[in-house]
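A short write-up of the structure that comes next.
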Amino acid sequence: MILINENYARLRGSYLFSEMAKRINAHGGDVIRLGIGDVTCPLPPAVIEAMKKAVDDMGSADGFHGYGPEQGYAWLREAIAQNDYAGLGISADEVFVSDGAKCDTGNIQELFSHLSSIAVLDPVYPVYVDTNVMAGRSGKFNEEKNSYKDIVYLPCNAQNGFKPKLPDKPVDIIYLCYPNNPTGTVLTKEELKTWVNYAKRENALILFDAAYEAFVREEGIPRSIYEISGAKQVAIEFRSFSKTAGFTGTRCAFTVIPKELSGYDKDGNMYSIKELWNRRQTTKFNGVPYITQKGALACYSQEGRVQIKDTIDFYLGNAHRIREGLKSLGIDCWGGVNSPYIWLKTPGGIPSWDFFDKLLDAGVAGTPGAGFGSAGEGYFRLTAFNTRENTEKAMERFAKLKI
């Protein structure tokens with residue numbers, strides 16, 4: 001008999017973005033897509049040139065590279081440590097290069113017991129929840145509450161400024177994403193310090209998704225959790241070149257696991273989380289291609305930095321236009337300042353999937369908040385990842401909506 005992993009049967013319907021794509025394709029016609037967070041600007045010229053040179057390397061006997069280190073080439077790991085974590089005490093051997101933050105945030109849970117209790121923000125990036133459902137940590141799904149029995153949900157809404165309270169019961173692993181996907185909101189250093197203190201006090205682990213850190217523009221907003229004292233004892237950080245440098249189709253990211261971070265078995269024996277992840281990667285992962293890593297390295301060149309900043313500034317310009325357009329229509333919204341995401345209250349309290357369909361009829365696609373969890377109902381996400389022309393045209397279509 002072929003027995004399946006029955007936890008997969010607990011997953012709810014289609015993956016959010018698959019369901020959106022199905023509805024958009026069925027609708028047809030001229031649709032401006034402000035839903036899925038996929039970038040639209042081309043790769044920076046410095047990255048393209050570096051990748052072209054890397055292709056030439058692969059065409060010669062002296063320059064050819066086969067299997068690379070599963071952890072990433074030393075020159076890229078060094079560049080990441082020296083540039084992204086300057087002054088924070090992160091060394092190159094604590095950096096693990098991968099093919100995506102989505103992959104890493106999903107795969108990291110393999111290191112921890114199926115008995116570990118999980119806390120997530122609500123609304124939440126679906127991967128955090130679904131991978132723990134697959135691993136058997138979720139318990140049964142409650143249709144009425146639109147949530148899993150054994151997962152601790154931390155509501156983020158307009159009433160609390162989208163800044164969740166600490167868990168009201170002990171948890172082992174906490175997923176935090178800031179700047180936040182989907183709400184686009186941020187935490188100050190003081191607010192993030194509260195979470196680090198909680199994790200230290202409760203001997204909990206923070207999985208900190210910083211995929212959108214390059215969009216931070218305001219003072220006092222941390223780009224890394226390691227800016228907070230004590231975080232290296234309780235946190236793993238995930239970052240990506242996808243939204244930073246347009247690598248969504250090129251695939252390169254990295255995870256940072258400090259040497260100070262430890263876990264325990266049921267008998268109290270201590271293990272290095274960094275070494276466990278290294279063991280997992282060397283067994284299940286063959287590394288990111290040499291050509292891709294050379295492109296990522298170019299992001300840290302002087303030209304690369306300028307080009308990347310220009311692109312991010314362009315997306316933030318789109319975000320500003322969306323925010324101002326929504327406000328002019330009397331629609332409450334958040335985010336879009338330190339993030340490419342704008343989170344809005346659906347007009348008249350219309351359910352978010354109903355609003356998705358109405359907006360689709362107007363020729364604009366966004367993301368229904370309910371797809372991110374029960375606390376997302378009544379909200380909606382738009383992204384700044386499009387052309388300036390399409391962004392402005394989308395807001396013109398928005399203004400013609402009849403709710």
Side-chain angles (χ1 to χ4, degrees), residues 15-20 33-40 100-106 108 118-132 153-158 161-164 174-187 191-192 195 206-218 221-225 236-248 253 255 312 315-316 318-319 322-323 333-345 352 356 365-377 379-386:
Y15 183 57
L16 169 61
F17 301 110
S18 299
E19 175 62 22
M20 287 168 52
R33 303 191 182 210
L34 300 181
I36 296 176
D38 192 3
V39 296
T40 53
K102 176 181 179 180
C103 304
D104 285 357
T105 55
I108 198 74
I118 306 296
V120 298
L121 306 184
D122 184 9
V124 61
Y125 182 45
V127 172
Y128 308 155
V129 171
D130 287 357
T131 52
N132 280 285
Y153 293 86
L154 307 173
C156 301
N157 49 45
F162 299 97
K163 296 180 179 181
I174 305 163
Y175 286 80
L176 295 180
C177 175
Y178 286 102
N180 184 257
N181 179 16
T183 68
T185 56
V186 293
L187 294 182
E191 289 164 340
L192 188 53
W195 288 93
I206 295 173
L207 300 179
F208 191 75
D209 188 345
Y212 301 95
E213 55 80 27
F215 289 83
V216 171
R217 289 293 182 269
E218 292 183 312
I221 306 301
R223 291 191 169 196
S224 169
I225 196 169
I236 295 172
E237 182 163 293
F238 307 90
R239 288 201 190 183
S240 173
F241 293 96
S242 284
K243 306 308 182 344
T244 302
F247 275 53
T248 53
T255 291
I312 292 175
Y315 288 137
L316 287 173
N318 282 349
I322 295 171
R323 279 174 55 91
C333 62
W334 300 264
V337 176
N338 300 293
S339 165
Y341 296 125
I342 300 89
W343 188 245
L344 62 103
K345 188 73 175 170
S352 57
F356 175 89
T367 309
F372 296 103
S374 59
E377 182 54 271
Y379 293 92
F380 202 79
R381 191 189 77 174
L382 296 174
T383 85
F385 295 124
N386 214 307

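Keep in mind that this is a model prediction, so the values were computed, not measured.
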Distance, nearest 0.5 Å, that separates SG of Cys156 from CH2 of Trp334 | 12.5 Å

Might you point out which heavy atoms bring Leu154 and Ala119 nearest each other, and give the distance in Å?
-> CD1-CB, 4.3 Å

Aromatic Tyr379 / basic Lys345 pairing, under 6.0 angstrom, 45° off normal | yes

Given side chains that start at C-beta, do those of Val124 and Tyr175 come closer than 4.5 Å, heavy atoms only?
-> no

Keeping the roles fixed (side chain from Ser240, backbone from Gly100), state whether a donor-acceptor pair exists under 3.5 Å.
-> no

State the CG-OG1 distance between Asp209 and Thr105, to the nearest 0.5 angstrom.
-> 6.0 Å

Mind checking salt bridge (charged side-chain N to carboxylate O under 4.0 Å, His left out) for Glu237 and listing every partner two or more places apart, or none if nothing turns up?
-> Arg239

Any side-chain donor near an acceptor of the partner, Asp104 and Thr255, under 3.5 Å | yes

Kindly give the heavy-atom pair with the smallest separation between Asp122 and Ser374, and that separation in Å.
-> OD2-OG, 3.0 Å

Using salt bridge (charged side-chain N to carboxylate O under 4.0 Å, His left out) as the criterion, list what pairs up with Arg381, not counting sequence neighbours.
-> none

Distance-only, no hydrogens or angles: does the Arg223 side chain make a donor-acceptor pair with backbone N or O of Val216 under 3.5 Å?
-> yes

Taking the side chain from Lys243 and the backbone from Gly37, do they hold a donor-acceptor pair closer than 3.5 Å?
-> yes

State, to 0.1 Å, how close Tyr341 and Ser339 come at their nearest heavy-atom pair, and which atoms those are.
-> N-OG, 3.0 Å

So how far is it from Phe162 CZ to Trp343 CH2, rounded to the nearest 0.5 Å?
-> 7.5 Å

Expected output: side-chain Asn338 to main-chain Glu218 donor-acceptor under 3.5 Å | yes

Pro222 and Leu192 have their tightest heavy-atom pair at CG-CD2, 3.9 Å

Any Thr40 side-chain heavy atom under 4.5 Å of Tyr315 side chain = yes

Do any N or O atoms from the side chain of Tyr128 and from the backbone of Leu176 form a donor-acceptor pair under 3.5 angstrom?
-> no

Do Asn386 side-chain atoms and Arg33 backbone N/O form a donor-acceptor pair below 3.5 Å?
-> yes

